[in-house]
Amino acid sequence: MDRQFVAPEAPETREMPEAPSLGAARLWRGHRGRLRLPDGLPARLGYDAVGMPTDIGRRVMKCLPRIGCVFADDQRWWWIVPSGSNIDVAWPPFTSYAVGARMTDLSGEYSGRSRLPRLIHHPQDDSPYTPPIPLYFMTCHIAGIRPRWSPGDASGPSRAI
């Protein structure tokens with residue numbers, strides 16, 4: 001079974017990185033969790049999440065012009081992106097890509113030492129998504145990593161889309 005992290009009602013401020021954990025968390029006995037989007041934000045394209053270390057997440061947030069839902073725990077920030085944002089894209093090695101925004105606790109990351117992910121950014125419009133390509137390029141830029149469009153090709157897409 002899943003454990004779901006319940007997002008809070010719409011926050012009063014656009015960005016709340018230091019806000020206390022809001023809302024209740026429903027935990028199940030399994031080792032899987034799915035980030036739950038706030039009510040009123042339809043995810044018509046499905047959704048995945050890109051996780052990155054907190055320090056990089058803070059820097060990325062300052063640079064992107066449009067930001068969707070962002071969740072955070074003590075160690076990582078999780079950016080909501082449309083499903084399939086990992087296809088033909090080699091996300092940097094320090095990131096985590098969670099298909100369906102499901103996170104698996106393989107390292108004990110969600111043991112008693114780490115708080116559960118909570119919503120720290122609610123978008124101003126009705127879309128939960130951060131555009132994945134700007135997120136990808138900004139993440140690579142901040143980390144000093146050359147963007148790659150597929151795991152075997154550092155030059156870009158192999159065909160026009």
Side-chain angles (χ1 to χ4, degrees), residues 1-11 13-38 41 43 45-87 89-123 127-148 151:
M1 281 193 161
D2 281 349
R3 64 179 178 192
Q4 291 198 350
F5 308 108
V6 179
E9 298 294 320
T13 60
R14 183 169 186 253
E15 185 178 326
M16 309 179 307
E18 302 303 323
S21 181
L22 300 173
R26 286 184 278 172
L27 295 178
W28 299 91
R29 289 188 176 173
H31 293 286
R32 296 179 186 270
R34 183 172 194 215
L35 298 174
R36 183 171 171 218
L37 300 180
L41 290 178
L45 302 174
Y47 66 98
D48 295 343
V50 177
M52 63 187 67
T54 301
D55 59 330
I56 292 176
R58 287 182 206 278
R59 292 177 64 193
V60 168
M61 186 172 278
K62 290 178 184 177
C63 298
L64 289 178
R66 187 174 170 289
I67 301 168
C69 291
V70 180
F71 292 82
D73 58 30
D74 291 343
Q75 300 173 8
R76 301 186 79 69
W77 283 26
W78 295 93
W79 302 75
I80 299 299
V81 294
S83 291
S85 295
N86 60 335
I87 297 172
V89 175
W91 286 91
F94 59 84
T95 63
S96 303
Y97 194 89
V99 175
R102 283 175 171 58
M103 293 160 290
T104 303
D105 183 7
L106 298 175
S107 65
E109 182 176 350
Y110 294 108
S111 64
R113 295 185 316 249
S114 181
R115 288 186 297 178
L116 299 173
R118 68 196 187 286
L119 185 71
I120 62 166
H121 184 272
H122 189 288
S127 174
Y129 306 117
T130 295
I133 298 303
L135 176 63
Y136 173 72
F137 277 111
M138 189 55 60
T139 302
C140 289
H141 174 74
I142 287 172
I145 295 172
R146 184 177 178 190
R148 293 186 328 162

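Bear in mind the structure is a predicted one, so any value in this text is a computation, not a measurement.
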| Distance-minimising heavy-atom pair for L41 and S127 | CD2-N, 4.1 Å
| note | The reported gap from SG in C69 to NE2 in H122 (rounded to nearest 0.5 angstrom) is 6.0 Å
| message | Please give me the minimum heavy-atom distance between P132 and W91, naming the atom from each residue. | response | O-CH2, 3.8 Å
| said: So, taking the atom named CG in L135 and the one named OH in Y129, what distance separates them when rounded to the nearest 0.5 Å? | reply: 14.5 Å
| field | Least distance between heavy atoms, G68 atom then H121 atom | value | O-ND1, 2.8 Å
| remark: Correct closest heavy-atom pair for C140 and P92 would be SG-CG, 3.8 Å
| query | Does W77 reach the side chain of V60, with side-chain heavy atoms less than 4.5 Å apart? | reply | no
| message | Among T139, V70, D48, exactly one meets side-chain contact (heavy atoms from CB on, under 4.5 Å) together with W79. Which residue is that? | response | V70
| task | Could you tell me which non-hydrogen atom of S96 sits nearest to which non-hydrogen atom of W78, and how far apart they are? | result | CB-CH2, 3.7 Å
| Donor-acceptor pair, side chain of T95 and main chain of G51, under 3.5 angstrom | no
| remark: Closest non-hydrogen contact found for P123 with P128 is CG-CA, 4.2 Å
| query | At what distance, to the nearest 0.5 angstrom, does CD1 of I142 lie from NZ of K62? | reply | 9.5 Å
| task | Would you sort out whether F71 and R36 count as a side chain to side chain contact (heavy atoms under 4.5 Å, CB included), showing the intermediate values? | result | CA-CA 10 Å; F71 292 82; R36 183 171 171 218; 6.0 Å; no
| request: Look at the side chain of Y136 and the backbone N and O of S85, then say whether any donor-acceptor pair between them is shorter than 3.5 Å. | output: no
| Atom pair CG (L64) and CZ (F137), whose distance is rounded to the nearest 0.5 Å | 12.5 Å
| request: Kindly compute the distance separating CD1 (I56) from CZ (R76), expressed to the nearest 0.5 Å. | output: 9.0 Å
| Do the non-hydrogen side-chain atoms of P117 and D73 ever get within less than 4.5 Å of each other? | yes
| field | Candidate pair C63 and H141, rule side chain to side chain contact (heavy atoms under 4.5 Å, CB included), full reasoning | value | CA-CA 11 Å; C63 298; H141 174 74; over 6 Å; no
